[in-house]
Protein chains: 2
Amino acid sequence: MKKNTPTKSYGQSCSVARALDVFGERWTLLLIRELLTGPKRYTDLKTYLAGINAKLLSDRLKQLEAQGVVEKIDLPSPANATAYALTPAGEALEPAIIALAKWGLQFAAAPARKARSFPHWSVLAMKAMFNPERATNLNISCQFLVESTEIYAVIKSGTFLSGLGRIPAPDVIVTCNEAAFAEFDGSVKTVRNLLDSGKIVIEGSRRDFLKFASCLVLKS
Amino acid sequence: MKKNTPTKSYGQSCSVARALDVFGERWTLLLIRELLTGPKRYTDLKTYLAGINAKLLSDRLKQLEAQGVVEKIDLPSPANATAYALTPAGEALEPAIIALAKWGLQFAAAPARKARSFPHWSVLAMKAMFNPERATNLNISCQFLVESTEIYAVIKSGTFLSGLGRIPAPDVIVTCNEAAFAEFDGSVKTVRNLLDSGKIVIEGSRRDFLKFASCLVLKS
DNA sequence: CGGCATCCATTTTGATACTG
DNA sequence: CAGTATCAAAATGGATGCCG
């Protein structure tokens, strides 16, 4: 007989401790981070979690399913596969994960050179960097095409929306490879360099794109 | 020769992963939670973390010190002991921990009956529950006296401030024992019950206290 | 390929005792 | 009070193999 991963609890009534009872184990929050950009299949998760053990991924998914944070869904027509998605309780973790990302951007050590990177992570990163104060009365939509990853980002009078996929009629279309995209941050200097060196190419107003970028700052 | 806890890294450039590289291990975030209500001594931390291994506590403190999140300080005159405090980088984790607390309040399973509880945790809990929209044009200060724990909370036109200790001339003084205080939440019904049953006693306007409580809601 | 189980080495934790 | 030391129990990581 097997133990059902009895999820070692902190046994504290504090809401932080109870939250960590659910997703405080290694890999769990990163798994949720992945699902915040949309449902993903087992193998994709294994890829993006970069080195997680297959068994561990299975275990975590089952745990999160049992706790009502993740659910198994059937992908529609073309894929016709099963995938994992967040439940509303899982989606509700976005603010917390963005808060962690903000801290990481400001205070964590710079990523190691050999650190892995995937373009879709910037969906969250941009949300973490967005500064509403810089975006009052600003409306710009961007479509990023980073090798095979499509990312959109929309600034609409102080709010920010981003995700994977395409939007119709974006103001700016940004094309680049993963390496160049990884360098992209809100700094005007960086963006000018990327543009001038041709590492990223835009279709649309350069001025608009710079305005867009200026709303993304490390310090909130 | 000993290994210096090489802090197994996720090796991802994602800011969430880098943040978790710093405090993603078991107990670490709870340790930071403790320090968010002010510097604490080793033994107090051991008490409040309710069951943490002494060695583990030592290890975590050293790690966090090495990472610039925690620092050892000398407590002034009466205590004359050493204690641990957060650095600015550590303090900057408050929004993230409050975000986790908000999730825990809304979605985590109710605490087990045998779960441990300490009154000072409510400093964070109240911050997590505070709803600015309910507090426009409201100014109330409360002093809670819960056995040997003193907690203050101040609502000042949409902002919320709370911590351990006393404030001068509070509008309401609330006295109760730990058990009663643990039942306290923003629900008007609960508060009325606690008041009517005499489990908590207030000095000052009951109306004010109810207004104060009504700003604390589980759902943000 | 997607998903899970098994075996085994390495780490992390936990329980308990012990010291200045 | 403020930790260290020791040893046992889990959790994790990696390799491998199975099955639809």
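Order of the sequence lines fixes the chain letters, A, B, ..., with proteins taken first and strands second; residue numbering starts at 1 for each chain. Atom set for the values below is all heavy atoms of this structure, side chains included, hydrogens, waters and symmetry mates excluded.
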Using atom types as modelled, flag every donor-acceptor pair under 3.5 Å from a side chain in residues 92-100 of chain B to any protein atom, sequence neighbours excluded.
residue	atom	partner	partner atom	Å
E94(B)	OE2	K127(B)	NZ	2.8

Quiz prompt | Protein-nucleotide distance (K62(A), atom NZ; dC4(C), atom C1'), rounded to Å | solution = 7 Å
Exercise. Would you mind reading off the distance between L57(B) atom CG and dC1(D) atom P, rounded to a whole angstrom?
Key: 14 Å
Self-check item: S58(A) vs dG3(C): side-chain N/O to OP1/OP2 distance below 4.0 Å
Solution: no
Can you give each donor-acceptor pair under 3.5 Å made by side-chain atoms of residues 172-180 of chain B, sequence neighbours left out, with the distance rounded to 0.1 Å?
residue	atom	partner	partner atom	Å
N177(B)	OD1	A179(B)	N	3.2
N177(B)	OD1	A180(B)	N	2.8

Quiz item: Is there a side-chain polar atom (N or O) of T82(A) under 4.0 Å from OP1 or OP2 of dG3(C)?
Solution: yes
Quiz prompt | Interatomic distance where NZ belongs to K72(B) and C1' belongs to dG3(D) [whole Å] | solution = 9 Å
Quiz prompt | Partner set under salt bridge (Lys or Arg N to Asp or Glu O under 4.0 Å) for E183(A), not counting sequence neighbours | solution = K199(A)
Quiz item: Whole-Å distance between dT4(D) P and L61(B) CG?
Solution: 10 Å
Quiz prompt | Any residue meeting salt bridge (Lys or Arg N to Asp or Glu O under 4.0 Å) with E150(A), in chain and number order, not counting sequence neighbours | solution = R166(A)
Quiz item: Within the structure, does a side-chain N or O atom of Y10(B) lie under 4.0 Å from either OP1 or OP2 of dT12(D)?
Solution: no
Quiz item: When you check the phosphate oxygens OP1 and OP2 of dC1(D), does a side-chain N or O of K40(B) lie under 4.0 Å from one of them?
Solution: no
What side-chain donor-acceptor pairs closer than 3.5 Å can you find for residues 47-57 of chain A, not counting sequence neighbours?
residue	atom	partner	partner atom	Å
T47(A)	OG1	T43(A)	O	2.9
N53(A)	OD1	K55(A)	N	2.8
K55(A)	NZ	D59(A)	OD2	3.3

Quiz item: Should the heavy atoms of other residues, nucleotides or ligands under 6.0 Å from CZ of R26(B) be counted, would the total exceed 12?
Solution: yes
Identify the pairs formed between an N or O of the protein and an N or O of nucleotides 13-16 of chain C at a distance under 3.5 Å, and give each distance.
residue	atom	partner	partner atom	Å
dT13(C)	OP1	R60(B)	NH2	3.0
dT13(C)	OP2	R60(B)	NH2	2.7
dG14(C)	OP1	R26(B)	NE	2.9
dG14(C)	OP1	R26(B)	NH2	3.3
dG14(C)	OP2	W27(B)	NE1	2.8
dG14(C)	N7	N53(B)	ND2	2.7
dA15(C)	N7	N53(B)	ND2	3.1
dA15(C)	N6	N53(B)	ND2	3.2

